[in-house]
Amino acid sequence: MLILDQVHAGYNSSEVLHGIDLQLQEGEVVTLLGRNGMGKTTTINCIIGLLETRSGSIEFNGVRLDLIASYQIARMGVGLVPENRRIFPNLTVTENLMVAAANYSDSASPWTLERIFRLFPRLQERHRHYGNQLSGGEQQMLAIGRALMINPRLLILDEATEGLAPLICNEIWNVIRQLKQQRQSILIVDKNLNTLLSIADRYYLMEKGEVVAQGLATDLASDNAMQARYLGV
Amino acid sequence: MLLFFEQLLNGLQFGFMLFLLSAGLTLVFGVMNLINLAHGSFYMVGAYVAATVMLASGSFVLALLVALLVAAACGLLVEVIVLRHLYRRDHLDQVLATFGLILFFNEATRMIWGRQPLFMQLPEFLSSTVEVIPDVPYPLYRLVIIGVGLAVALGLYLLINHTRLGMRIRAGASDRSMIAALGVNIRWLYSLVFALGALLAGFAGVMAAPIFAVESGMGESILILTFVVIVIGGIGSIKGALLGALLVGLVDTLGRAFLPDLLQWLFTTSSANSIAASLASMSIYILMAAILAFKPRGLFPV
Ligand SMILES: Nc1ncnc2c1ncn2[C@@H]1O[C@H](COP(=O)(O)OP(=O)(O)O)[C@@H](O)[C@H]1O
Ligand SMILES: [Mg+2]
């Protein structure tokens, strides 16, 4: 479904990604691991078109994403839950959910406001509040709901539990598990290694802009030496 | 007292005209972060086209429709050809480029319509007077301008706050790349907003044509007032533009009408007149300074 082939990218004069190879099949949950500053967010930004690649290619269901604009990529069915959530502060909860709503995967049972509210009852309680009146956890739920409302074929989550209270984190992990059960394809970045590896099918491990290891999540879960070496845990 | 009410209406009418101009400017400035000095040119284009079509056809409605269409089309062309490339540039570049556009539009109108100002006749159905205040006949047309301004304000409010397009405009104003990453074609959205702003400026031009002389450069004097309005109101805020426009319209009109009389209590007639004249032309800037002293980002910061 998604194929990154030797993707190079960077900011200004410095190159941050030095040839990333990554693949994700339909229905898979793949996680991108690595310490801070290794290039995970940069990789995601290349996929969604927020950052131009310098060379290499990104293919999604046979279409070259690196050649088209960000909005066209989303319309191909790539839904982003960005780092730092980036909720629209001047839109209400409902508006944040509706502003870009669409059915880009031609789903027979598309996401609706009601379904999102069932997934995150907190959002329903606060549906008239503006984005900037929400707690961090609520903003995160909203960011996930907002991405689901475009009915993505591939959902990308970048640090979706960053800085949240454990209870809220659990709620979000539960939702991600539900999504996986519904065979939603997911590319996910997170710090919470144990939970992450219990959900993901496969992992890619990044160091300094390169993929240094990859494999089955279960294998990494039992390989403490590897975890210690690259992730410092 | 009657005179006061009449001037109050005049001030409101002028304010609503300023609002038509400011609404587009504040949207473009607030949403796209673009300073467009050429906004007054769309006002001029609206006035010229309306006056010309009116003269040729005698139909005010036709003149209005054609003028709105041409103003919006000019806006769209300018956005696609020139301004689209300026969004990421700094404000100085934008000021220079759009100043160039002013020169272009002024010269173009001179080439097409010549140096003589045009005058636009009002159709009969608009040239009567009504007695809003008993025994003081007031031109119907000026009341129509107030009505149009109110209707546009309401329409814009509904558009911005209660439609999908409005949501996207607001979302784009706060995080442009995020709304794009969710599948919204922000370029097209910007073109649309810009054309809408140009259309409203053209509308103001049509409204102004029967009142002021239609001449090359007519956009610039009013543009300055328009900038005062959006700074007072808070850049990007339609509500602010409405309130700011009414304040500026009222202060400017009432200042010119009543300052001489008021100052006569303090000074001799001749010096009162000259002081009043300069004070009146400064009044809106004093108003702006006073408001910014308390609310540095305008009445309704966004
Ligand atoms: N906007 C930016 N401008 C310049 N450098 C950046 C920018 N964003 C990230 N970087 C640099 O790129 C590298 C990778 O960052 P990032 O992809 O955010 O890492 P991660 O998401 O894995 O923590 C870091 O060295 C970071 O300093
Ligand atoms: Mg990151």
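Naming convention: chains lettered A, B, ... in sequence-line order (proteins, then strands); numbering from 1 in each chain. Computation of the quantities below employed the complete heavy-atom set of this structure, encompassing side-chain atoms and omitting hydrogens, waters and symmetry-equivalent molecules.
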Distance in Å, [X] [atom1] paired with [Y] [atom2], rounded so as to fall on 0.5 Å steps:
X	Y	atom1	atom2	result
Leu80(A)	Ser177(B)	CG	OG	9.5 Å
Phe88(A)	Leu182(B)	CZ	CG	5.5 Å
Arg86(A)	Ile179(B)	CZ	CD1	11.0 Å

Q. Side chain, backbone, both or neither: which part of Ala101(A) has an atom under 4.5 Å from a heavy atom of chain B?
A.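 Interface part for Ala101(A): both.
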Applying a strict 4.5 Å limit to non-hydrogen atoms, the region of Ile73(A) in contact with chain B is neither
Looking at [X] and [Y], what are the two nearest heavy atoms and their distance?
X	Y	value
Gly183(B)	Ala74(A)	N-CB, 3.2 Å
Pro82(A)	Met178(B)	CG-SD, 3.6 Å
Ser174(B)	Pro89(A)	OG-CD, 3.6 Å

Any chance [atom1] of [X] has more than 12 other-residue heavy atoms, nucleotides or ligands included, within less than 6.0 Å?
X	atom1	value
Arg64(A)	CZ	yes
Arg35(A)	CZ	yes
Lys191(A)	NZ	yes
Arg54(A)	CZ	yes
Glu52(A)	CD	no
Tyr11(A)	OH	yes

Residues of residues 150-173 of chain B with a heavy atom under 4.5 Å from any heavy atom of chain A, in residue-number order, are Asn161(B), Arg164(B), Met167(B), Arg168(B), Arg170(B), Ala171(B)
Given Ile150(A), Val78(A), Ile48(A), Leu91(A), the one with more heavy-atom pairs under 4.5 angstrom with chain B than any other is Leu91(A)
So which of Ile186(B), Asn185(B), Val184(B) has the largest heavy-atom pair count under 4.5 angstrom toward chain A?
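The residue among Ile186(B), Asn185(B), Val184(B) with the greatest pair count is Asn185(B).
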